[in-house]
Amino acid sequence: MLGIAGKVIAITGASSGIGDATAMHLAEKGAILVLGARRSDRLEALCDTIASKGGTASHIVTDVTRRADVEALVALAIERYGRLDVLISNAGIAPISLLDDLRVEDWEAMIDVNVKGVLYGIAAALPVFRRQGFGHFINTISTAGIKIVPTMAVYAGSKNAVRTITEALRQEAGPLLRVTGISPGYVATDLPSSMTDKAIRAQGEASMQTMAIPASAIAEAIAFAIAQPPNVDVGEIVLRPTAQA
Ligand SMILES: NC(=O)c1ccc[n+]([C@@H]2O[C@H](COP(=O)([O-])OP(=O)(O)OC[C@H]3O[C@@H](n4cnc5c(N)ncnc54)[C@H](OP(=O)(O)O)[C@@H]3O)[C@@H](O)[C@H]2O)c1
């Protein structure tokens, strides 16, 4: 299938920020959306908005730290729409801190959501894509893994794990599947709400207010990757505010 219209696209972390904006943008381009996150009220409202504009979207409560939930998201696409064209593994959290603070539970949460969540997506969709003979993985990474700064050790590490896994997946995928990593810089979203250190959260919110680009910019980059012809594989897109050093 060419372009975006008619493609069945599942998104994790679709209840806010980049996932929400991407769902709206792809729905406007005629994609069929299957949306996952933990907050069902937000997913329901997003599906209603998409439907009110003539689009098609379904949702299912998905905690990406639970493999069965991610399996169920992919299964919903197959049951309801007969196939899955694209899986966007986008769910992520950023409870960043200095390593000295030993916020070990936050480290574990970032590994569970940012890394294992993406792996569960691969585990759920890869057999489906192999069976179908087509499919596109899109993983949300971050510029945090490109320029490493203090407080970002575990977050950047989790994102660079995804960068590495995404590149290996691309190499193993063969000629029928596509694999894309999207690395945004500061984007205006709810991401600081996942920051458990109050001072760091305030800093994150301030940086967002001064320089963040809108989530729609990431949605357009994702749409660009999906819209390419089947033999064109967009490996990685990095996009950040011009003001971001
Ligand atoms: N904003 C930025 O500056 C920026 C920059 C680079 C990369 N990113 C990455 O972009 C992605 C999206 O983040 P965002 O900026 O759009 O932030 P956001 O507005 O906070 O959105 C994060 C999304 O992830 C979901 N999520 C969190 N934990 C989850 C879990 N256990 N299971 C399922 N979904 C979960 C949230 O939904 P629920 O709470 O409803 O589950 C929400 O929909 C993340 O991977 C983030 O690391 C963001």
Side-chain angles (χ1 to χ4, degrees), residues 10-25 33-47 59-73 87-96 106 108-121 124 138-149 152 154-163 166 181-196 201 203-219 221-222 236-241 243-244:
I11 306 178
T12 68
S15 62
S16 76
I18 292 169
D20 178 315
T22 301
M24 280 305 303
H25 186 64
L33 279 308
V34 181
L35 307 176
R38 292 165 304 172
R39 287 170 292 178
S40 61
D41 53 333
R42 289 205 178 207
L43 293 177
E44 201 173 328
L46 179 55
C47 285
H59 66 92
I60 182 168
V61 171
T62 309
D63 182 338
V64 298
T65 68
R66 299 161 63 98
R67 183 177 172 192
D69 281 17
V70 186
E71 293 277 349
L73 177 74
L87 173 65
I88 305 177
S89 285
N90 166 76
I93 55 170
I96 55 174
D106 287 347
E108 288 170 340
M110 281 186 277
I111 302 295
D112 286 347
V113 177
N114 300 356
V115 183
K116 288 171 72 177
V118 172
L119 286 169
Y120 291 156
I138 299 181
N139 296 332
T140 307
I141 312 177
S142 175
T143 58
I146 297 171
K147 182 183 176 191
I148 321 287
V149 298
M152 295 273 190
V154 180
Y155 178 71
S158 73
K159 291 299 183 179
N160 277 346
V162 175
R163 195 183 313 280
T166 302
I182 305 279
S183 285
Y186 277 107
V187 182
T189 70
D190 290 344
L191 194 65
S193 69
S194 69
M195 295 176 186
T196 52
R201 177 178 172 164
Q203 256 173 21
E205 284 168 346
S207 298
M208 276 195 181
Q209 271 165 21
T210 51
M211 69 167 110
I213 53 177
S216 59
I218 314 305
I222 289 172
E236 188 163 351
I237 298 177
V238 180
L239 68 167
R240 52 169 85 77
Q244 184 177 330

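Note that ligands are numbered from 1 as they come in the structure, with each ligand's atoms numbered from 1 the same way. Computed over heavy atoms, backbone and side chain alike; hydrogens, waters and symmetry mates excluded. As the structure is a prediction and not an experimental result, all values here were calculated from the model.
In this structure, the protein non-hydrogen atom closest to atom 7 (C) of ligand 1 is I141 O, 3.2 Å. Counting only heavy atoms of the protein, atom 32 (N) of ligand 1 lies nearest to V64 N, 2.9 Å. Closest protein heavy atom to atom 43 (O) of ligand 1: S15 OG, 2.8 Å. Of the protein's heavy atoms, Y155 OH, 2.6 Å lies nearest to atom 47 (O) of ligand 1. Closest to atom 16 (O) of ligand 1, if we only count protein heavy atoms, is I18 N, 2.7 Å. Nearest protein heavy-atom contact of atom 27 (C) of ligand 1 is R38 NH2, 3.5 Å. What sits closest to atom 21 (O) of ligand 1 on the protein, heavy atoms only, is S16 OG, 3.1 Å. At the shortest separation from atom 22 (C) of ligand 1 among protein heavy atoms lies G92 O, 3.7 Å.
Ligand-side atoms of ligand 1 in range of V113: 28 (N), 31 (N), range being under 4.0 angstrom from any heavy atom. Distances below 4.0 Å separate heavy atoms of G17 from the following atoms of ligand 1: 16 (O), 19 (O). Residue A91 has at least one heavy-atom neighbour below 4.0 Å for each of these atoms of ligand 1: 24 (O), 26 (N), 33 (C), 34 (N), 35 (C), 45 (O). Every atom of ligand 1 with a heavy atom of I93 under 4.0 Å away is listed here by number and element: 27 (C), 28 (N). Each of the atoms 3 (O) of ligand 1 lies under 4.0 Å from some heavy atom of Y186. Set against the non-hydrogen atoms of M208, the atoms of ligand 1 under 4.0 Å away are 1 (N), 3 (O). Ligand 1 places these atoms under 4.0 Å from at least one heavy atom of T140: 9 (C), 10 (O), 11 (C). Below 4.0 Å from some heavy atom of T62 lie the following atoms of ligand 1, by number and element: 32 (N), 33 (C).
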Would you check, one step at a time, whether the test side-chain contact (heavy atoms from CB on, under 4.5 Å) holds for D106 with V154?
CA-CA 9 Å; D106 287 347; V154 180; over 6 Å; no

Could you walk me through whether E236 and R163 pass side-chain contact (heavy atoms from CB on, under 4.5 Å), step by step?
CA-CA 9 Å; E236 188 163 351; R163 195 183 313 280; 2.3 Å; yes

Using the side-chain contact (heavy atoms from CB on, under 4.5 Å) rule, take L191 and M208 through it: C-alpha gap first, then chi angles, then the decisive distance, then the call.
CA-CA 10 Å; L191 194 65; M208 276 195 181; 4.2 Å; yes

Go through I237 and I222 one step at a time and tell me if the side-chain contact (heavy atoms from CB on, under 4.5 Å) criterion holds.
CA-CA 9 Å; I237 298 177; I222 289 172; over 6 Å; no

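Looking only at side-chain heavy atoms (C-beta outward), M152 and S142 stay at 4.5 Å or farther from each other. With a 4.5 Å cut-off on side-chain heavy atoms, S193 and R201 count as touching. The side-chain heavy atoms of I213 and R240, taken from C-beta on, include no pair separated by under 4.5 Å. A 4.5 Å side-chain heavy-atom check between S216 and H25 finds every atom pair outside the cut-off. Between N114 and Y155 there is a side-chain heavy-atom pair separated by less than 4.5 Å. Two residues are said to be in side-chain contact when any heavy atoms from C-beta on lie closer than 4.5 Å; T143 and Q244 meet this criterion.
The shortest N/O to N/O separation between G13 and ligand 1 falls below 3.5 Å. Backbone and side-chain nitrogen or oxygen atoms of L191 are examined, and one is located within less than 3.5 angstrom of a nitrogen or oxygen of ligand 1. Taking distance alone, with nitrogen or oxygen atoms compared against 3.5 Å, R39 approaches ligand 1 more closely than that limit. At a 3.5 angstrom cut-off on N or O pairs, S142 does not count as close to ligand 1. For a threshold of 3.5 Å applied to N or O pairs, the pair formed by N90 and ligand 1 contains at least one separation below that value. Between G185 and ligand 1, at least one N/O pair is under 3.5 Å apart. Ligand 1 has a nitrogen or oxygen under 3.5 angstrom from a nitrogen or oxygen of V187.
In terms of heavy atoms, G145 sits closest to N160 at O-ND2, 2.8 Å. When all heavy atoms of N90 and I11 are compared, the closest pair comes out as CB-CG2, 4.4 Å. Closest approach of S89 and V118 over heavy atoms only: CB-CG2, 4.1 Å. In plain terms, the two heavy atoms of G36 and T62 that are nearest each other are CA-OG1, 3.4 Å. Closest of all the heavy-atom pairs between A23 and L46 is CB-CD2, 4.0 Å.
The part of K159 lying near ligand 1 is the side chain, judged by heavy-atom distances below 4.0 Å.
Put simply, no part of S194 is less than 4.0 Å from ligand 1, judged by heavy atoms.
In the candidate list T143, I213, T189, D41, T189 is nearest to atom 1 (N) of ligand 1, counting heavy atoms.
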